[in-house]
Amino acid sequence: MPAVALPATADWLAALAGEPLPGRRQEDWRFTDLAPLQAVAPQLWAGPDPFAHVVLPAGVTRLDGAEIQALADPILHATGSATAWPVRLNQGASPHGLALRVSGAAGPLQLQLDAGDGPGLLALQLLLVLEEGASFELLVRHASRGANATSLVTLVQLGRGARLNLGVLAAGDARASLLSHLAISQAPASELQLTTAVGGWGLSRLEPRVCQLEGAAQTRLRALQLVDGQELADTHSQVSFGGPEGELDQLHKVVADGAGRSVFNGAVRVPRQAQQTNAAQLSRSLLLSERARVDTKPELEIVADDVKCAHGATVSRLQQNELFYLQSRGIAADQASKLLLRGYCEEVLRELPAAAAACHPLQLLLPERP
Amino acid sequence: MIRPDAPLLLEIRDLHARVEDQPILKGVNLTLRAGEIHAVMGRNGSGKSTLSKVLAGHPAYTVTAGSVTYRGADLLELDPEQRARIGLFLGFQYPVEIPGVSNLEFLRVATNARRAERGEEELDTFAFEDLVRERLKVVQMDPAFLERSVNEGFSGGEKKRNEILQMALLEPLVAILDETDSGLDIDALRIVAEGVSQLAGPDNATLLITHYQRLLDLITPDYVHVMAAGRILRTGGKELALELERTGYDWVDQELANLEATSEREPVEVA
């Protein structure tokens with residue numbers, strides 16, 4: 001059943017953000033119907049602070065209040081995030097915060113951000129600072145079982161040579177919304193792997209924004225988004241290179257079933273100073289229903305002339321040759337379809353941080369197709 | 001091994017098939033008995049690969065006339081998976097890469113589908129691992145390939161070994177190997193040929209589809225068939241393959257031209 005917008009909610013959200021809700025006339029929101037967000041009760045989520053009892057692994061310490069703003073501002077500035085509507089909304093909603101400094105080879109961490117069935121808007125902010133040479137693996141898990149919205153702004157600063165493996169595993173509810181904005185700045189020689197897997201939300205909007213401050217860093221993005229029923233999943237990614245010799249390897253996969261709608265916009269910015277950039281972006285969408293809809297768009301702005309920038313987009317049904325291959329080995333057509341669908345998803349899910357395996361991401365995201 | 005009294009496994013009669021609106025097979029006749037190794041040779045476009053795909057039940061091909069009987073049953077009535085379960089195997093010319101699907105899981109599901117059909121109990125992961133490790137020896141394959149996605153990033157030789165591994169696990173009664181020799185270097189070709197030879201026995205039949213003689217240096221066929229323009233033009237023993245190697249396929253054109261001239265001269269029957 002489509003979400004019914006509450007007029008009071010739109011006003012309340014606009015007041016929090018200090019500007020009206022984005023509408024269809026804005027290019028970045030053209031395909032994104034915010035109705036599920038407006039169907040949430042106009043109140044802040046009243047449950048306990050999900051960050052209150054986080055136990056930190058070795059190598060990870062909390063940043064103190066005075067440092068936080070000084071560290072956050074440059075990241076927001078580098079990625080152009082300060083004016084993004086989801087960030088403004090988040091800041092206006094007095095988010096619960098967790099700010100961490102990582103040094104050396106830190107242990108892995110998992111954050112459970114479960115909005116449960118409580119009403120309202122759960123606003124959260126996460127700041128990660130990886131010092132020079134530090135390495136860290138973080139899995140962020142979102143969940144919901146009701147008509148609520150989760151807004152998370154993640155700010156990350158990767159120092160020189162730092163390595164971050166960041167995973168987002170978000171299995172939602174058809175009545176729930178997820179707004180996740182990730183602003184990440186990378187110093188040279190740093191390595192970022194960001195894997196996002198999102199499914200089951202009435203509305204999800206992911207905005208990963210990565211800035212290689214001086215280039216010469218590695219960015220690997222892996223994403224899977226699934227829509228079914230009336231769900232809408234939207235990813236607007238943006239990677240910019242502030243200097244030469246940066247690398248990007250991006251794969252964005254979609255499974256669209258029912259009357260679900262998927263939106264992907266992948267911006268890559270390679271200005272004149274970013275010579276020798278090597279960027280590859282691939283968007284693959286699997287359409288499982290006549291009524292599902294996929295909008296996918298690469299957005300490459302390349303000014304530098306000595307670069308490699310590859311991009312591609314495919315929208316298809318299950319591959320007939322793959323199905324036939326499995327059938328020719330005695331595997332029934334419906335079982336073969338399930339295997340292929342699982343395989344299609346696994347290609348991304350297997351790149352989540354190791355901790356994800358214990359929560360069986362495939363079952364979380366494809367509950368009816370075990 | 002030719003035994004006239006050996007059980008009939010596959011009987012193809014006047015088989016016609018098309019892909020989209022293009023007729024490809026125009027009356028193929030072929031009989032395979034247990035214990036026999038057949039080679040089908042012919043140029044590109046002669047219909048060799050189409051024959052293999054039609055037999056395996058590829059949905060892109062439509063049979064327009066003729067029959068295929070497998071151990072007394074109508075093969076063309078069956079879904080591709082059912083054909084595989086009762087013992088028909090197609091080794092692909094271009095094995096398909098399936099990212100994200102574990103090779104080991106794929107092999108286990110396939111093996112269990114065949115076992116269930118034969119009334120054998122399904123193997124759990126541990127029992128299957130024992131079986132697969134034993135069968136790996138047939139193709140001297142590194143167990144590391146079990147942990148990878150099906151054929152993903154495999155070299156040409158590794159893909160073909162994986163095909164023969166599947167054959168070793170499924171124990172088909174009729175194995176059709178479509179250009180299994182293509183894209184293989186000498187060592188890989190030898191390993192694959194040895195694997196096929198090991199699996200060929202008195203109870204099953206093998207149909208080798210190939211372009212070149214070199215595979216037949218390693219596996220001696222009982223029959224060699226030359227295919228052209230969608231039918232089998234000539235059948236002989238292994239010496240026919242040697243003759244082809246020596247003289248090429250030019251005589252085929254001549255024979256086809258003669259055939260067509262004959263058919264044009266045939267009187268039209270008046271009802």
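Note that the coordinates shown come from a computational prediction; the quantities given were computed from them, not determined experimentally. Chain letters run A, B, ... following the sequence lines, proteins first, then strands; residues in each count from 1.
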Please tabulate, one pair per line, the donor and acceptor atoms of chain A and chain B that lie under 3.5 Å from each other, or say none if there are none.
| unit_1 | atom_1 | unit_2 | atom_2 | d |
| --- | --- | --- | --- | --- |
| E81(B) | N | Q327(A) | O | 3.4 |
| E81(B) | OE1 | Q327(A) | NE2 | 2.7 |
| E81(B) | OE2 | A333(A) | N | 3.2 |
| R85(B) | NE | G330(A) | O | 2.8 |
| R85(B) | NH2 | G330(A) | O | 3.1 |
| L90(B) | O | R329(A) | NH1 | 2.7 |
| L90(B) | O | R329(A) | NH2 | 2.8 |
| E105(B) | OE2 | R342(A) | NH2 | 3.1 |
| S149(B) | OG | R350(A) | NH1 | 3.1 |
| N151(B) | ND2 | Y325(A) | OH | 3.2 |
| E163(B) | OE1 | R329(A) | NH2 | 2.7 |
| E163(B) | OE2 | Y325(A) | OH | 2.3 |
| Q166(B) | OE1 | R329(A) | NE | 2.4 |
| Q166(B) | OE1 | R329(A) | NH2 | 3.4 |
| Q166(B) | NE2 | Y325(A) | OH | 3.2 |

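Counting heavy atoms from C-beta outward, L177(B) and I164(B) have side chains that approach closer than 4.5 Å. Looking at heavy atoms from C-beta onward, L192(A) lies in side-chain contact with V210(A) at the 4.5 angstrom threshold. For the pair L189(B)/I191(B), no side-chain contact is recorded, criterion being any heavy-atom separation below 4.5 Å from C-beta on. Contact annotation: the side chain of F92(B) approaches that of F324(A) to within less than 4.5 Å [non-hydrogen atoms, C-beta and beyond]. Taking the side chain as every heavy atom from C-beta outward, L178(A) and L206(A) approach each other to under 4.5 Å.
Formation of a donor-acceptor pair under 3.5 Å by the E36(B) side chain with backbone atoms of R33(B) is found in this model. Checking side-chain atoms of N204(B) against main-chain N and O of G201(B) turns up a donor-acceptor pair under 3.5 Å. The main-chain N or O of F145(B) is never found under 3.5 Å from a side-chain atom of D142(B) such that the two would form a donor-acceptor pair.
Residue P95(B) touches chain A through both its backbone and its side chain, counting heavy-atom pairs closer than 4.5 Å. Proximity to chain B (any heavy atom under 4.5 Å) is shown, for A336(A), by neither the backbone nor the side chain.
The most heavy-atom pairs under 4.5 Å with chain A, out of A60(B), A113(B), P59(B), come from P59(B). If you tally non-hydrogen atom pairs under 4.5 Å between each of L88(B), V101(B), L107(B) and chain A, the highest count goes to V101(B).
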